[in-house]
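Naming: A, B, ... by sequence-line order, numbering from 1 per chain. Values reported hereafter were calculated over all heavy atoms of this structure, with side chains retained and with hydrogens, waters and symmetry mates removed.
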There are 2 protein chains.
Amino acid sequence: MKIETVAHQYHLTTPTLRYYEQEGLLGPVRRINGIRDYQPADLERLDFIVCVKRCGMTLHQIKHFVDIYQQDPATLPERLEILQNQLQVSREKQAQLADSIDHLQDKITDVKALQTTENSVLS
Amino acid sequence: MKIETVAHQYHLTTPTLRYYEQEGLLGPVRRINGIRDYQPADLERLDFIVCVKRCGMTLHQIKHFVDIYQQDPATLPERLEILQNQLQVSREKQAQLADSIDHLQDKITDVKALQTTENSVLS
DNA sequence: CCTTGACTTCAAGTATACTTGAAGTGCTAA
DNA sequence: TTAGCACTTCAAGTATACTTGAAGTCAAGG
């Protein structure tokens, strides 16, 4: 699969994909002419990248993970620890976000009340 | 209330508070000697800043909001629109985060399964 | 054949949000 | 009174994540 197709499917830009590659997060094979050819395994990894990035992992941390992902068996405990750690962090984020959304709703209610007051003053 | 106290209470640093002020998000009164004195109204605004920042609003957007907040009544519809817009964005973020957390949990299950396989191979 | 458009590399630029450093002022407690 | 700490300003530096620009290659269609 070509870079443009991948970019489109993942709602990314082609420079972003090249940037991720430059940072060591991806490494699609190349055709003879140098053109990137994304394989299913690359897309699977991209799924993971998009997922953990949304959870708040930095590209640097993601790189470390994909690095140890290669050397398989010995790194399983570390991989588990990283993922569990990230899960905890993400859950905290989730709780904070839920809280902030509540506050935002309260604020909206306040503004709506103010608007009503405004209208009654004008009438 | 002094800057250090505020920073401590909001889990921010004093340079961050000064930076927010520089960006026009806050404007605590000063004592004669120039020292910032945060009033309850400033803390309320800081509550709001922390809240919408967690929802994903940029400092730039926050500044715009606090700017129109001053000139009160005419800006009520715009304020409402901004808040409602942000609420929608935040809810999308929330949904994506929930989704990513699910994937993360699946990944953890996978790694745990791999570890068990590893163990059974070794035994 | 030659233009068009997607691909390539590499370097430099941008946006956001802080952080750090230098240099100085002023209250407080030994 | 003097040491020390928190306060001040202003400028410059850092981290993260891209984005943009320049210059060039290559395959397909008119």
For the student: nearest non-hydrogen atoms of [X] and [Y], plus distance:
| X | Y | answer |
| --- | --- | --- |
| B:Leu83 | A:Lys107 | CD1-CG, 3.8 Å |
| A:Met1 | A:Asp37 | N-OD1, 2.6 Å |
| A:His64 | A:Ile82 | CD2-CD1, 3.7 Å |

Rounding to a whole Å, what distance do you find between [X]:[atom1] and [N]:[atom2]?
| X | N | atom1 | atom2 | value |
| --- | --- | --- | --- | --- |
| B:Glu4 | C:dT28 | CD | P | 15 Å |
| A:His8 | C:dA6 | NE2 | C1' | 14 Å |
| B:Lys63 | C:dA15 | NZ | P | 18 Å |
| A:Lys53 | D:dA17 | NZ | P | 6 Å |
| A:Leu59 | D:dC18 | CG | C1' | 9 Å |

B:Arg30 bridged to B:Glu21 by N-O distance under 4.0 Å: yes

Starting at [atom1] of [X], measure out to [atom2] of [Y] and round the result to the nearest 0.5 Å.
| X | Y | atom1 | atom2 | value |
| --- | --- | --- | --- | --- |
| A:Leu26 | A:Arg45 | CG | CZ | 6.5 Å |
| A:Gln96 | B:Cys55 | CD | SG | 10.5 Å |
| A:Asn85 | A:Gln61 | CG | CD | 9.0 Å |
| B:Gln9 | B:Thr5 | CD | OG1 | 7.5 Å |
| B:Arg79 | A:Gln115 | CZ | CD | 9.0 Å |

Strand contacts (DNA chain D) in residues 18-44 of chain B, 4.0 angstrom heavy-atom criterion: B:Arg18, B:Arg30, B:Gly34, B:Ile35, B:Arg36

Stretch residues 9-17 of chain A: residues that reach within less than 4.0 Å of DNA chain D through a heavy atom: A:Thr13, A:Pro15, A:Thr16

Residue B:Glu81 excluded, over 12 heavy atoms near CD under 6.0 Å: no

Helical bend (five base pairs per end, nearest 10°) for the helix from C:dC1-D:dG30 to C:dA30-D:dT1: 0°

A:Lys2 vs D:dC26: side-chain N/O to OP1/OP2 distance below 4.0 Å: no

5′-ward residue of the pair B:Ile3/A:Met57 relative to DNA chain D: B:Ile3

Aromatic ring proximity, centroids under 6.0 angstrom, B:Phe48 and B:Tyr69: no

